[in-house]
Structures are given as structure tokens and as C-alpha cells.
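Comments concern the structure below.
Letters go in sequence order (proteins before strands), and every chain restarts at 1. Please read these numbers as outputs of a predicted model, since none were measured by experiment.
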2 protein chains.
Amino acid sequence: MEKQTVTIYDVAREAAVSMATVSRVVNGNPNVKPATRKKVLEVIDRLDYRPNAVARGLASKKTTTVGVIIPDVTNEYFASLARGIDDIAMMYKYNIILTNSDENGGKEVQVLNTLMAKQVDGIIFMGNRVTPELREEFKRSKAPIVLAGSVDDEKSQPSVNIDYVAAVAEAVKNLIDHGNQKIAFVSGPMDEAINHDYRLKGYKKALKDANIAFDDKLIFETDYTYKAGQALEPALTAAGATAAFVGDDELAAGVMNGLTDANVAVPDTFEVITSNDTKLTELVRPKMSSITQPLYDIGAVAMRLLTKLMNNETVDENTVILPYGLMKRSSTK
Amino acid sequence: MEKQTVTIYDVAREAAVSMATVSRVVNGNPNVKPATRKKVLEVIDRLDYRPNAVARGLASKKTTTVGVIIPDVTNEYFASLARGIDDIAMMYKYNIILTNSDENGGKEVQVLNTLMAKQVDGIIFMGNRVTPELREEFKRSKAPIVLAGSVDDEKSQPSVNIDYVAAVAEAVKNLIDHGNQKIAFVSGPMDEAINHDYRLKGYKKALKDANIAFDDKLIFETDYTYKAGQALEPALTAAGATAAFVGDDELAAGVMNGLTDANVAVPDTFEVITSNDTKLTELVRPKMSSITQPLYDIGAVAMRLLTKLMNNETVDENTVILPYGLMKRSSTK
DNA sequence: CGCAAGACTGAAAACGCTTTCATATCAAAG
DNA sequence: CTTTGATATGAAAGCGTTTTCAGTCTTGCG
């Protein structure tokens with residue numbers, strides 16, 4: 001009762017040609033007489049022949065699939081990038097093997113290895129904690145790897161991002177311009193390069209430009225979760241902050257709702273600005289002002305870059321920086 | 001400069017055994033003398049040998065990868081299922097090929113075909129519009145297919161869901177019990193089975209049980225988007241509705257915010273209850289009451305079911321129904 | 001000490017395709 | 001006609017594993 005698979009050999013026999021010829025017509029090789037092509041095509045249709053991609057992969061050493069490592073699909077930010085990645089991948093006839101890493105170094109290394117074992121033609125990596133071990137695996141990979149919406153201190157790999165330092169600096173300057181002096185910096189784990197090495201730098205720069213002393217009492221390191229943000233209210237007010245820059249939208253929603261629930265008026269007595277411009281910013285009330293990022297495009301461009309790399313095309317610039325913006329909504333004055 | 005790949009043959013030579021033996025130790029076959037195993041393992045380690053999964057797949061006819069068709073990763077509901085799927089998949093050593101379908105029949109058929117060409121061991125399908133063509137492809141597949149959080153009128157495939165009819169009926173009854181007589185039914189496209197054949201049925205049942213006449217002026221068919229929901233306010237009030245059941249959280253958030261923005265007080269003068277219990281319900285103000293679904297588990301159970309099917313284990317029940325609940329938050333009295 | 005029954009191991013045949021290389025065909029040119 | 005340079009085609013060698021089948025060794029035991 002097992003369904004019988006029809007192979008290239010069956011087609012060759014039925015069409016009275018060699019496998020080589022069948023292979024040629026399947027792959028659109030022009031060196032086939034039109035009459036022959038027609039005959040083969042008919043048989044293919046009649047037998048409902050579908051080439052086995054695994055065999056093809058083994059013979060050609062190309063699988064037309066790329067691996068995508070994502071911290072968590074459930075996170076709006078990364079999901080948006082993933083969507084961009086998949087669309088472009090599909091456009092170039094690639095498929096995506098998607099795996100959640102939870103930004104867990106061990107899991108990332110393991111996943112990377114199974115992707116390589118599966119002979120993916122390329123890899124897109126999302127995650128901001130590029131450990132030395134990870135970097136080691138990257139080097140050992142013969143498939144090109146590009147980072148999307150993720151930074152590595154050492155810039156060891158091609159990547160596409162926005163200029164986080166400048167974006168955060170501008171966001172914070174905006175807060176300063178509104179008269180705030182004690183501005184909280186609420187971020188995810190500080191061992192992520194994007195937090196300790198980019199956002200924080202932007203924050204400090206804005207302060208310095210405005211001659212405001214840096215005060216580490218205003219630095220709040222926590223998880224990227226709604227609950228964590230919500231729980232921050234007492235500490236925030238205790239520290240005397242009157243505004244906050246937040247590194248993640250869900251976290252920011254938590255911060256804002258936490259404040260509101262404690263009767264701290266946003267934006268009147270406390271301003272909040274967030275980082276990722278996901279849908280969330282529009283759903284909450286007040287709507288959140290945010291740094292804007294071309295989320296979909298970051299993924300799309302990363303995938304496009306990867307196709308070039310997989311094709312051995314020369315690319316002029318390996319680390320691409322997309323433009324950001326600032327969107328004023330209702331959580332800032 | 002191309003990195004050299006080491007094959008099973010290299011290991012065999014270095015260890016002075018046959019490929020067969022190497023294969024055995026790699027696959028944990030017990031029929032290998034401990035001393036031999038040790039020797040081979042050492043060589044594997046020394047040469048840093050990693051089995052080629054593609055070759056393996058060709059020889060064994062198993063790829064340890066499953067295809068996942070999802071309407072849109074960017075949708076919280078499906079993303080949550082996807083996370084459950086991936087976790088269980090990883091637990092059973094499978095990888096996921098993820099593709100967005102936009103619930104577009106043509107794209108779905110095409111994607112299904114490329115998944116089959118890639119010899120996936122199984123497929124998880126999400127999407128509520130199972131067309132005859134699609135059903136045809138399902139049948140032709142030799143890899144088992146299970147539907148997750150998705151229904152097919154004809155129950156042609158194994159699936160895991162909740163009892164949508166009962167859940168919606170209960171939700172609507174709740175609204176009726178609060179004294180509402182004109183309850184709007186706001187749903188996504190009616191050509192999706194889940195809407196026209198399940199949710200609507202539950203809605204009608206609740207009305208009937210309460211002796212309320214069905215009025216199709218209260219049926220609102222629209223897109224699953226925030227904007228669409230927001231735009232619904234005028235129509236909703238014009239129809240005289242005092243409450244609404246909504247088939248999607250993002251849509252519901254739109255409906256609710258639309259009402260609020262038009263100074264219709266939720267829940268005091270208009271109650272809203274939604275369907276999917278995603279994170280969103282907690283982010284908006286007022287928080288939305290919702291049917292609760294074990295989102296992660298729907299995905300997880302679907303994947304688990306698939307592993308059994310792929311293993312040819314006998315499963316007692318092909319269509320599993322998980323429990324639902326009703327979570328009262330602040331958008332209902 | 002002889003022998004059957006495991007326990008191990010290796011040779012070689014798949015798996016279903018791509019690709020190289022050689023050969024065959026053919027039209028145009030001489 | 002013969003030659004020549006494309007143009008078409010086929011044979012066969014991989015691609016890197018798994019798996020079957022047939023041994024070859026070891027044991028335990030009478």
C-alpha cells in the first residue's frame with residue numbers, strides 16, 4: 001500500500017531517452033532538441049514525476065535551503081524580520097529551516113551544527129550574544145552566515161542593522177529636549193552586545209551632549225517581558241526618573257502599563273520611548289513613541305545579501321546599515 | 001581555499017575499519033566491539049567528522065525534518081503554535097521548514113509540493129481554508145499531515161483544535177447573561193471553515209438557547225487586522241449592538257480601541273470578548289476577556305501526534321480536542 | 001577439544017540525481 | 001561528397017550514507 005515513487009529512471013525508460021536527457025529538461029538545460037524535450041515533458045506529466053530534492057542535493061551539493069536561527073518566533077520584532085527573510089527566500093527559490101534558540105549559547109551552537117550537517121546553503125543568525133564559541137562555529141562553516149538585526153562586537157560576519165547608537169542618542173535627546181533630566185535606561189540583559197555596546201553608548205552620548213551626568217542608578221537591566229516591565233514602576237519612581245528609554249516594545253508596554261496602573265500619568269508626568277516600532281506600539285494606550293526600524297526590510301535585505309554570498313557574487317559592503325527614524329506618538333510630549 | 005569535507009570513508013581508512021563499522025558507531029548500533037567503537041570515536045573526534053545529513057537522508061529515506069505551513073509568522077496566534085511545534089520537534093530531533101502561505105490556496109499547493117519534493121517526513125498545516133485542490137494534495141502525500149489550530153469541513157486529516165462551537169457559544173452566552181440582546185459577531189473571512197462552520201454555529205446556538213432571533217445585520221465579516229477592527233465602530237453602533245464577539249485578538253483590539261476612541265465606554269456600554277488569548281489581551285486597556293486556548297500546546301500536541309504518525313505508531317484518536325476556557329478580564333462586565 | 005551460537009565486521013549494492021566525457025548527429029561550408 | 005564545428009545524446013562515475021548479506025571470530029558448553 002506504500003505509494004510508489006517514480007524516479008528519473010522511470011521517466012527515461014518511458015520516454016526512451018537517457019537519464020541525462022531527462023535531467024537536462026528538468027533543469028532547463030537548453031541543449032535538448034525541442035522534440036525530445038516535448039516527449040520527455042509529456043512522460044513527466046503522465047507519470048507525475050517529481051524530482052527528489054534530497055538526491056538532487058547530494059549530487060549537486062546545493063540544497064536550496066537556508067537555516068534561520070531566531071531567539072523566539074513569538075517575539076514580534078524577530079517575527080517581522082523572519083517574515084522578510086522568508087519572502088525573499090521564496091522569491092529566490094530557497095526554503096527556510098527555522099529554529100528557536102532562546103538566545104541560549106549552547107543551543108545555538110548545537111543548532112548551528114545540525115544546520116551545517118543538513119548542508120544548508122547559507123544561514124541567517126539573529127541573536128545579540130555572539131560568544132567566542134559561536135564565533136568559532138561561524139568560522140568553521142562553509143556556508144555563508146549573515147546577522148540580521150543583531151550585532152557582534154567584533155563584526156566577524158556580514159550583517160544588516162540600523163545605527164543603534166545614533167538612534168538611541170536621538171531618542172534620548174528628544175526626551176532631554178522635553179526637559180527631562182533623569183532619564184531611565186531600561187534594557188534587556190547587559191551581556192547582549194546590542195545593549196551594552198550600542199544602546200547604552202547612544203544613551204551616554206546624548207547625556208554627555210547635554211551635559212547631564214551619567215547616573216547608574218538610572219540603568220535598569222531586566223528581561224524582555226511584559227511582566228518585567230510592569231514590575232519596574234516602584235523602582236522607576238523611587239529613582240526619581242521622569243522619562244525612560246526602553247529597549248524592547250513588549251517590555252515598554254509593561255513599563256507604561258505599570259506606570260499607568262500606579263496612577264503615574266504618561267506622558268504628562270512620565271515619558272516613555274521604545275525601540276522597535278512593532279504593531280504593539282499602536283495597540284496600547286497611550287500609543288508609544290518609538291524609534292522606527294524597517295523591520296521587514298532588515299530581514300529581506302539580510303536574505304538578499306545572503307543570496308549574493310551563496311552565489312559568490314562580490315558584494316561591495318558586507319555590513320549594511322538601514323535608515324531609522326523617530327515616530328512621535330502619545331507616550332512622549 | 002574551499003574547506004575540505006571529511007567523509008565516512010576518511011574515518012574508515014584512518015581507523016582501519018570499514019565504512020559500515022563507522023556507520024554503526026555513528027548510529028549507536030550496539031553490534032560493535034567496545035574497543036573498536038573507542039578507536040572509531042577517537043578518529044571521528046580527531047578529524048572532526050560530521051555526517052552529511054543529505055546523504056543520510058537519501059540512503060535512509062528519512063530526513064528528520066518536517067514542513068510547517070503557517071499563514072503568517074507575524075500573527076501572534078500562529079506564532080505561538082509554531083513555537084510549540086518547534087520545541088517538540090527539537091525534542092524529537094526534527095527540524096522545521098517553515099513557510100508562510102498567507103492562506104493563499106495557490107501558494108499553499110505550491111509550497112506543499114516543494115515540501116514533498118524535499119522529502120520531509122511529515123507536515124503540519126495551519127490555515128482554515130482547505131480547498132478541494134489542497135485536499136487532493138494532502139491525499140497524494142506519503143508524508144503524514146496534521147492540521148494544527150485549523151479545521152477542515154471534511155475532517156480529511158488528523159488535527160488538533162479546541163471545540164470552537166462550544167467555546168463561542170459559551171462566550172456569547174456570557175454576553176447574553178449580562179443582558180445584551182444585540183450581540184455583534186465580528187469575524188474574519190467567511191470562506192474560512194472556522195468562521196462559517198464553527199464560530200458562527202456557536203454564535204447561533206447561544207442565541208437560539210436564549211430565544212434571541214438571529215439577525216444578519218449583526219454579522220460583520222472583515223480582515224484579521226487591527227485597522228479593520230478600528231474602522232468598524234460606526235457600523236457597530238449604527239447596528240445598535242451593545243456587545244461583540246470577535247474572532248481574532250488583533251482584530252478585537254482594533255474594535256475595542258475604535259470604540260474607546262469614539263467615546264463608547266468598554267465595557268460599560270459595550271462589551272467585547274475575543275477568541276485567542278494571545279499576549280495582546282493583557283496589553284490593551286481595558287484588558288480583553290477572551291476564550292482561552294492552550295496555544296503552545298495545540299502546536300506541541302500536533303507535533304507529538306505527527307511524530308507518532310511518522311513512526312507508524314497506532315494512535316487511538318486522530319482528531320484531538322483540547323480544553324478551552326473563558327477568561328474574564330476587563331472588557332466584559 | 002570440537003562445535004553450535006552469538007557477536008563483530010566488511011564488501012558491495014542501493015538511494016535518485018547531476019555532471020563529465022565521449023560519441024553521434026547534422027547542417028553548412030568547401 | 002567530405003569536412004567541420006556546433007548541437008544532441010548517452011554511459012558511467014560520482015555524491016556520502018545506510019543496509020543487507022555473507023562471512024570471520026569468539027565463546028560457552030558438552
If we count only N and O atoms by modelled type, under 3.5 Å, do the side chains of A:Tyr49 and A:Glu14 hold a donor and an acceptor together? no
Is B:Ser60 close enough to D:dT17 that one of its side-chain N or O atoms is under 4.0 Å from OP1 or OP2 there? no
Side chain of A:Arg24: nearest nucleotide among D:dT17, D:dT9, D:dC15? D:dT9
Would you tell me whether A:Arg304 and A:Thr307 have side-chain atoms, one donor and one acceptor, within less than 3.5 Å of each other? yes
Does any part of the side chain of B:Leu112, heavy atoms only, come nearer than 4.5 Å to the side chain of B:Phe138, both counted from C-beta? yes
Check whether the side chains of A:Arg56 and A:Asn27 place a donor and an acceptor atom closer than 3.5 Å, and report yes or no. yes
Just by distance, no angles: are the side chains of A:Tyr224 and A:Asp72 close enough, under 3.5 Å, to form a donor-acceptor pair? no
Any side-chain N or O of A:Ser18 under 4.0 Å from OP1/OP2 of D:dG10? yes
Within the 3.5 Å criterion, strictly below it, is a donor on B:Asn31 or B:Arg24 matched to an acceptor on the partner's side chain? no
When all nucleic acid strands are considered with a 4.0 Å heavy-atom cut-off, which category describes B:Thr21: base, sugar-phosphate, or nothing? sugar-phosphate
Work out how much the helix from C:dC1-D:dG30 to C:dG30-D:dC1 bends between its end axes, five pairs an end, to the nearest 10 degrees. 50°
Is any side-chain nitrogen or oxygen of A:Lys61 closer than 4.0 Å to OP1 or OP2 of D:dG16? yes
Nearest atoms (heavy-atom pairs only) where A:Leu134 meets A:Arg129: CD2-O, 3.7 Å
Of all the heavy-atom pairs spanning A:Lys62 and A:Asp121, show the shortest one and how long it is. CA-OD1, 3.6 Å
B:Lys93-A:Thr114 side chain donor-acceptor pair, cut-off 3.5 Å: no
May I ask you to say what B:Asn31 touches in the nucleic acid, namely base, sugar-phosphate or nothing, with a heavy-atom cut-off under 4.0 Å? base
With a strict under 4.0 Å distance from non-hydrogen atoms of chain B, what nucleotide opens and what nucleotide closes the contacted stretch of DNA chain C, reading 5' to 3'? C:dC8 to C:dG16
Comparing A:Thr36 and B:Lys33 on DNA chain D - which has the more 5′ nearest nucleotide: A:Thr36
Give one of base, sugar-phosphate or nothing for A:Arg37, where a contact means two heavy atoms less than 4.0 Å apart. nothing
Assign B:Val17 to base, sugar-phosphate, or nothing according to its heavy-atom contacts below 4.0 angstrom with the strands shown. sugar-phosphate
